[in-house]
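What follows is one structure encoded as structure tokens, with my remarks underneath.
If you're wondering where the values come from, they're calculated on a predicted model, not measured in any experiment. To find a chain, count down the sequence lines: A is the first, B the second, and so on, and within it residues start at 1.
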Amino acid sequence: MEIRSLDIPAEVRDFYLSSGIGNLYPPQAEAISKGLLEGRNVLAAIPTASGKTLLAELAMLKSIARGGKALYIVPLRALASEKFDRFREFSGIALKEGGVKVGISTGDFESRDEWLGSNDIIVATSEKTDSLLRNGTSWMEDITTIVVDEVHLLDSANRGPTLEVTLTKLMKLNPGCQIIALSATVGNAYEVANWLGAGLVLSEWRPTDLMEGVFYGGSINYRTSQKQVHDASGDDAINLVLDTLEDGGQCLVFESSRKNSVGFARRAGMKVAGLLDKRTRAALDDIVEQVIEAGESDTAKVLAQCIRNGTAFHHAGLNSAHRRLVEDGFRSNLIKMVASTPTLAAGLNLPARRVIVRSYKRYDPNFGMHPIPVLEYKQMAGRAGRPHLDPYGEAVLIAKSYNEMEMLFENYIEANAEDIWSKLGTENALRTHILSTIVNGFATSRDGVMEFIEATFFAHQNDTWGIVSVVDECLDFLREKKMLQGETRLTATSLGKLVSMLYIDPMSAAIIIEGLDKATHVTELTLMHLICKTPDMRQLYLRAGDYELINDLVLSRKEEFCEVPAPFRATDYEWFLGEVKTALLLLDWINERSMDDISKVFNVGDGDIHAFAELAEWLMHSLSRLAAITGHDKAGMAGSIEKRIHYGARQELMELVGIRGIGRVRARKLYDSGLHSIEEVRKADPAVLGGLLGPRTAEKLLREIGARPGIRPGGGTDGNPDPRTMDSLMESEQSTFSDFER
DNA sequence: ACTACTCCCATGTAGACAGCATGTC
DNA sequence: CTACATGGGAGTAGT
């Protein structure tokens, strides 16, 4: 089917023609025939890279041409910005004055454009969409097209219920709205399509061929053929990597743990290095430099070493700069192999000639090592083959025996992806969504709640009589915690409204309020531990040797905790110690312990530290608001800790850290040289600032606070610098030198 | 006496969304 | 209730 023949505005047609897209892929054509351009709902369950985005784009643009507005829901922030960047290319399409406008809304980023609702396309995560709905965003009712990306995430225990409830609310709010759902191929796609009232496009078609095989006995075995792999290293997986490189391709290796991904990248690097040409090596050295600049932790050093050899690892412990460097380095074909945890399995567009699944098992605390779902394998395998660049893609599993090979063929390569199941039916999921449903007036009674649930995917798959009792338990809980009131007619209290708005689990709110009630001797530790107790916080686990250390601390500061469980309840007590350990990490963060130290002591990556801080900031904000509304006097204290978590610094730096471009490290340098306030910095000798922070940063700093950047090239100073300033100047010089040595 | 290698056992285990108001090294 | 890859330390054979 040709773009020319489609019933779309000429501007849209020309946009695609001029970007070189003239024909539709078969699944896209099928979606058109199911009424995509006539406003019908469509569920496209097709592989990655088979053109899902184009489907969505056509429908959105057509709708916008008629004066509509589109909402594009994604599961990941990274995906949101990827789509946002893509849709911004529409600004040249003259469907209306000024072109098509795009906005983005995620928890950490909201587009500057006057107001989100003035955009034609809004990209948002599912949780942000839910949050926007909870806060009664007015333009939600103007939405005419909704795109749901990765709709199979309905199956996720954590996040599926949110997506499900959000979609249900949107459908109730906008009955006439067109829904385009995009999904991986799953067993029961028809069931989801049915729920959405959508036409189903089900296809395995890919623009690039995919060969799936199992490596065993020195060769890759496909069902009908075999490919010998030269044993150049003594390690099966490394041989597969080298084989791909010699063939001119790149490799993506999926590992089951961070440690394994780092280890494999390192080992493979020793062999890969020999295959690099001079130009590539030079370009890689450039990336290495940036890696070292972006963090001096041990992981940074190891990553730098790997990249020098043309390999890299990728997991959530990396900081965002490192992640981006790895992704970009791989995309530009400089990094030849990336060993990754499932971070890269779904979401980001990062294809490779060959995908190696080094382990199809993953640890689960309940089940030991457990085989991953077929759906997940298919997502990893689907990364193989770059459209238009590779002749084909290959996905390879590794077997240690003939039987295992047979098993892998049967259970993965030839298997169909699992069915997806709603996870809404648990008290955990219902508690929070029932509250928001009532807060927003989607339901005003117990019957109303049940009626709402009848419209969800859960009810589409199950009889709902089974969860009536669960609903009642939730309602009792919410009433008992004073978030709801009334018997037949249910209304939210101001507390309930606040909890829904803050987007925290009502259970978290209950724990925080109870803790505030009980606490007698309130310190930073008290509040920090309190937020670490909530189910919304992520926990650190106790490692061997932690017990004693943390137990000692608990005993010596017992009165600062709102409650210490009895040590003889071993599991409870260990869980409690885990919470305390998490609180200690956060305390180290706000007391300016170096990232490197925190990394080592708590055995976490830079990326984790930021993730913990981000969560804690949100929960501390919530604590502050909850304290205020329940009449506790700790709201102010929580508020200032919240700010300290944001910057990772002590109270005394709060003024300096407010300057753009100055964070915890630079502010500390300034403070320790006697510059305690913006005013003092403004009056300081520019040359001294230059010595402290480097001339360029100093100049930026002075511009930022509205002072004249008057640093002289020679670095001469007026008068005698205070000796303390001199010391720290020397120190900073030294650290600069040692940075260079490495 | 020192080194290279093997074996055994302790150890630790993926990812990532949300508030609010603007910008880390 | 369920596993397994990794790496460090101890022990051993070789020079």
Side-chain angles (χ1 to χ4, degrees), chain A residues 74-80 105-110 112 124-132 134-135 153 156 158-160 162-163 254-264 267 293-296 314-317 319-321 340-347 358-359 361-372 376 432 498-505 508 536 538 541-545 594-595 603 606-608 610-615 617-625 639 642-643 646-649 657-667 669 693-694 697 704 739:
Chain A
V74 292
L76 264 51
R77 292 178 194 166
L79 218 48
S105 180
T106 64
D108 61 345
F109 186 70
E110 197 147 309
R112 282 281 154 130
T125 55
S126 39
E127 283 76 9
K128 189 66 190 192
T129 307
D130 187 21
S131 172
L132 290 169
R134 290 183 184 200
N135 291 297
L153 252 73
S156 150
N158 316 320
R159 304 182 54 201
T162 304
L163 181 58
F254 284 106
E255 287 281 1
S256 59
S257 76
R258 293 180 181 186
K259 201 170 73 173
N260 290 356
S261 69
V262 175
F264 187 77
R267 288 201 306 278
E293 230 170 83
E296 46 257 24
H314 191 285
H315 58 64
N319 66 36
S320 51
S340 160
T341 56
T343 18
L344 292 180
R358 214 164 148 262
S359 168
K361 290 179 180 166
R362 190 172 312 134
Y363 178 76
D364 178 317
N366 301 314
F367 301 101
M369 288 309 256
H370 206 65
I372 59 173
E376 206 170 305
T432 178
L498 178 63
V499 170
S500 173
M501 229 180 67
L502 290 170
Y503 211 80
I504 57 176
D505 186 334
S508 296
D536 280 312
R538 177 178 136 187
Y541 293 96
L542 282 192
R543 286 183 304 142
S594 75
M595 297 275 283
N603 192 33
D606 296 11
D608 297 303
H610 283 118
F612 275 108
E614 201 178 296
L615 262 168
E617 191 188 343
W618 164 48
L619 290 168
M620 193 56 81
H621 171 81
S622 302
L623 186 148
S624 169
R625 299 285 300 274
E642 178 196 349
K643 203 170 164 205
H646 182 86
Y647 292 107
V657 107
I659 306 168
R660 186 197 312 219
I662 302 295
R664 66 197 305 242
V665 174
R666 288 170 179 166
K669 281 189 190 164
L693 307 173
T697 312
E704 196 56 47
D739 277 354

Applying side-chain contact (heavy atoms from CB on, under 4.5 Å) to A:H621 and not counting sequence neighbours gives A:L502, A:R625, A:E642
Note: for A:S126 and A:P342 on DNA chain B, the residue whose nearest nucleotide lies more 5' is A:P342
Task: Close side-chain approach of A:K643 to A:V657, heavy-atom, < 4.5 Å - done: no
query: Quantified in whole Å, what is the P atom distance between nucleotide B:dA14 and nucleotide C:dT6?
result: 13 Å
side-chain contact (heavy atoms from CB on, under 4.5 Å) filter on A:A78, not counting sequence neighbours, yields A:L348
Contacts of A:Y363 meeting side-chain contact (heavy atoms from CB on, under 4.5 Å) (sequence neighbours excluded), chain-then-number -> A:P365, A:M369
**Request:** Indicate whether any N or O donor in one side chain lies under 3.5 Å from an N or O acceptor in the other, for A:Y503 and A:D130.
**Result:** yes
Original post:
So, is A:N603 close to the B:dT13 phosphate, meaning a side-chain N or O under 4.0 Å from OP1 or OP2?
Top reply: yes
Q.
Less than 4.0 angstrom from a charged side-chain N to a carboxylate O is my criterion; do A:R267 and A:E255 meet it?
A. no
Per atom distances to the A:M501 side chain, the nearest of B:dC20, B:dC17, B:dT13 is B:dC20
Of B:dC17, B:dA18, B:dG15, the nucleotide closest to the side chain of A:L76 is B:dC17
**Message:** What's A:D108 touching, base or sugar-phosphate or nothing? Going by heavy atoms closer than 4.0 Å.
**Reply:** base
Side-chain atoms of A:T125 come closest, of B:dT24, B:dG15, B:dC17, to B:dC17
Atom NE2 of A:H315 and atom P of B:dT13 are separated, to the nearest Å, by 11 Å
### Query
Is a side-chain N or O of A:R358 found less than 3.5 angstrom from the main chain of A:N260, in a donor-acceptor match?
no
Heavy-atom donor-acceptor pair, A:E642 side-chain to B:dG19 base, under 3.5 Å
yes
Winner on side-chain proximity to A:H621, out of B:dA14, B:dA18, B:dC20, is B:dC20
Against the side chain of A:A544, the closest entry in B:dG12, B:dA14, B:dC17 is B:dG12
Of the candidates B:dA18, B:dT13, B:dG19, the side chain of A:S257 sits closest to B:dT13
For B:dA16, the nucleotide meeting Watson-Crick or G-U wobble distances (both under 3.5 Å) is none
query = Does B:dG19 have A:Y503 stacked on its base, where the ring centres are within less than 5.5 Å and the planes differ by under 30°?
reply = no
If you look at every strand shown and take non-hydrogen atoms under 4.0 Å, does A:G661 touch a base, only sugar-phosphate, or nothing? sugar-phosphate
A correct dot-bracket answer for DNA chain C, with pairs being Watson-Crick or G-U at under 3.5 Å, [ ] for crossing pairs and | for inter-strand pairs, is ..|||||||||||||
> Which part of the nucleic acid does A:I504 contact within heavy-atom distance under 4.0 Å: base, sugar-phosphate only, or nothing?
Replying inline: nothing
Scanning all shown strands, the Watson-Crick or wobble mate of B:dA21 with both distances under 3.5 Å is none
Regarding A:R660, tell me which of base, sugar-phosphate or nothing describes its non-hydrogen contacts under 4.0 Å with the strands shown. sugar-phosphate
- Base, sugar-phosphate alone, or nothing: which one does A:Y647 contact when heavy atoms must sit under 4.0 Å apart? sugar-phosphate
Contacts of A:F367 meeting ring-ring contact (aromatic ring centres under 6.0 Å, His included) (sequence neighbours excluded), chain-then-number -> A:H370
On DNA chain B, more 5' by nearest nucleotide between A:P75 and A:N135 is A:P75
A:S131 backbone acceptor or donor facing A:N135 side chain under 3.5 Å
yes
Practice prompt. Scan A:L498 against the nucleic acid and name what it touches under 4.0 Å (heavy atoms): base, sugar-phosphate only, or nothing.
Written response: nothing
**Asked** Just checking A:R77: base, sugar-phosphate only, or nothing, at a heavy-atom cut-off of under 4.0 Å?
**Response** sugar-phosphate
Open item on the list: Quick one, A:H610 and A:M595 - any side-chain contact, counting heavy atoms below 4.5 Å?
Closed with: yes
Exercise for review: Look at all strands and tell whether A:E617 reaches a base, only sugar-phosphate, or nothing, counting heavy atoms closer than 4.0 Å.
Suggested key: base
- Message: With a 4.0 Å cutoff (strictly under), does any side-chain N or O of A:R543 reach OP1 or OP2 of B:dT13?
- Response: no
Letter by letter from the 5' end, nucleotides 2-10 of chain C scores (B base, S sugar-phosphate only, - none; protein heavy atoms under 4.0 Å) BBSSSS---
- [ ] Scan A:S622 against the nucleic acid and name what it touches under 4.0 Å (heavy atoms): base, sugar-phosphate only, or nothing.
- [x] nothing
Can any side-chain N or O of A:R134 pair as donor or acceptor with the backbone N or O of A:S500 at less than 3.5 Å?
yes
